[in-house]
Structures are given as C-alpha cells and as structure tokens.
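Okay, structure first, notes after.
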2 protein chains.
Amino acid sequence: MSDDSKDTPSGAFIGYETCPVRRTLTVLNGKWKPLIIYELLPAPCRFNELKRRLPGVSQRLLTAQLRSLEEDGIVDRKVMEVVPPHVEYSLSEKGRSLQPVLQAMETWGENEVKNFPIS
Amino acid sequence: MSDDSKDTPSGAFIGYETCPVRRTLTVLNGKWKPLIIYELLPAPCRFNELKRRLPGVSQRLLTAQLRSLEEDGIVDRKVMEVVPPHVEYSLSEKGRSLQPVLQAMETWGENEVKNFPIS
DNA sequence: CGGCATCCTACCTGATACTG
DNA sequence: CAGTATCAGGTAGGATGCCG
C-alpha cells in the first residue's frame, strides 16, 4: 500500500511513473485518504476528532492511512508531549496542493445531484 | 451503501449523501475506475484495447469495474453483433462530466514531479 | 473477442483488550 | 488520548481456465 514505483514487474508496465493520473492515484490509494485530506483542508485536526468526522473508519485503518500519507509527505504529524497525549494532524504544503483534486470531487458530487438526481 | 438517511446516529453522520466528496468517491471507488474514465475521455475504446492501455489490470476486474461504472451511468456499453464480437465502451454525459476531476489528478501528478521530485 | 466461473489471497472492518 | 495487538468475518482484487 505504501510502495509503488520500485517493484515494477519487468517490462510492459507503462504505469506509475509515466502516467500522472496513476501517480496521483498512488498517493490517494486508500479507502479513506481523499476524505482525510478533505477533512484536513480547512484546519488541522486531532486523531479522535478525525475519527469522529469519518464515520465508518476503524482506528486501525485511520492510523495506517495517516502513516502512509505522512510517509508520502502529504500530512504532518505533531505530537504534544502532555498528559493526556495530544496529536495533531495537518496538511503539508504538498498536501494542500491536492486541494484542486478534492475541490473537483466536491463540485462533481454536488452537481451530480442536480444533474442526475438519485431519485 | 445506498441508504443512510435512516440509521443516522443523531446528527454526527456526515455520510454518503450529505458529503459530496463521499458521493464522488463512491462512484470512483475501485482500483481502476478513475483510470478507465481517464482512458475513455479522449475517445471510445474496445475491451482489449482498454485492457492493453491499463497494464496490470485483470480482465476480471476490468469487466467488473466497467459493469459497475455502467450501472452508475458513467459508461455506455455498445455491443456490435458480429464475429468476432466487438464491444465498445464510451463515456456517457455523466461520465464526461467527471473530466475536471481527472484533469485535476493529471495536473497534480505532473506538478508533483516538478515541485517534489521523486529523487 | 469479450467475457464468465473458480479458486485463492490481501485488504478492511468490528470488537475487544492492553499500553504510554 | 492516541494508539498497538489480536481475532473473526466480509469484500475487493489477482490468476487461471473455459465458452459463445
């Protein structure tokens, strides 16, 4: 889930490096990643708050996908050494640069209802 | 996945119908769906041609995701009754309306290399 | 050519318990 | 609070092989 451009299986694999959409999808590849980024766009957020805003996610996956986004340089993780612990997640510059992608998704989701109502 | 207005646990469920991004992700949910749409944007395409352009996809998944996109009204499937069979996939109006989303992904994938080179 | 059918694995969730 | 660990169960995805 966190590897990509390395183990390219020999040969006719046009994939990840040459197609910009694939590169984007590699970073966004994870059930909750786009939503996590979307939630972090307006403001940084703590772990449980994020979990609360993403109904359906398990803490296991939320942790894993946050780690993955952190590795990809999309999300920053700031730990305050206090009791009780306080961990704040925020978007990096690179993460914020994804805003147009999420924006386009948001716009489509809104228009879809107007143009093609779900009965 | 199709209902939620009923079991909304008192307010805190931002879920599928109220969050436009979630709605979009529901339609694009599938490893190859965005890429399929991306490939169909310029022109309609036959099954094996599509398969050839998406290295790494299995025909099982390609079939399944095309069916799913068809059900969601994103993709049109046209069968020519000839020998050998000729099946052409194209984007519906609704499918073409996703262009800005794919466009944003493409742009980000391109800029990502310039702004944050992959070593 | 464009699929199904089958089998099998990897991933995701849910629940619960435990740590610093 | 913010995780990690574990197990069960479900679904998505991958690798074949057969068929009209």
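Per chain, numbering begins at 1; letters A, B, ... match sequence-line order. Computed from a prediction, not measured in an experiment: that's the story for all the values here.
If you check every strand for non-hydrogen atoms under 4.0 Å, Glu81(B) touches nothing.
Mapped onto DNA chain D by nearest heavy atom, Asn48(A) and Gln65(B) fall at different nucleotides, with Asn48(A) at the one closer to the 5' end. Between Arg46(A) and Leu61(B), the residue anchored closer to the 5' end of DNA chain D is Arg46(A), taking for each the nucleotide with the nearest heavy atom. Of the two residues near DNA chain C, Arg60(A) and Pro84(A), the one whose nearest nucleotide lies more 5' is Arg60(A).
Salt bridge absent: Arg96(A) and Glu93(A) never bring a charged side-chain N and a carboxylate O closer than 4.0 Å. A salt bridge does not link Glu71(B) with Arg67(B): none of the charged nitrogens is closer than 4.0 Å to a carboxylate oxygen. A salt bridge does not link Glu110(A) with Lys114(A): none of the charged nitrogens is closer than 4.0 Å to a carboxylate oxygen.
Close to dG3(C), at under 4.0 Å from its OP1 or OP2, lies a side-chain N or O of Tyr89(B). Distances shorter than 4.0 Å separate some side-chain N or O of Lys31(A) from OP1 or OP2 on dT13(C). Within the 4.0 Å cut-off from OP1 or OP2 of dC11(C), not a single side-chain nitrogen or oxygen of Trp32(A) is found. For the pair Arg77(A) and dG3(D), the criterion of a side-chain N or O lying under 4.0 Å from OP1 or OP2 is met.
Side chain of Gln65(B) to main chain of Lys33(B): a donor-acceptor pair is present (N/O by atom type, distance under 3.5 Å, no hydrogens or angles).
Atom CD of Gln59(A) is separated from atom C1' of dT13(C) by 10 Å (rounded to the nearest Å).
Defining each end axis of the helix from dC1(C)-dG20(D) to dG20(C)-dC1(D) as the rotation carrying four pairs' C1' atoms onto the next four, with five pairs an end, the two axes are found to diverge by 50° to 10 degrees.
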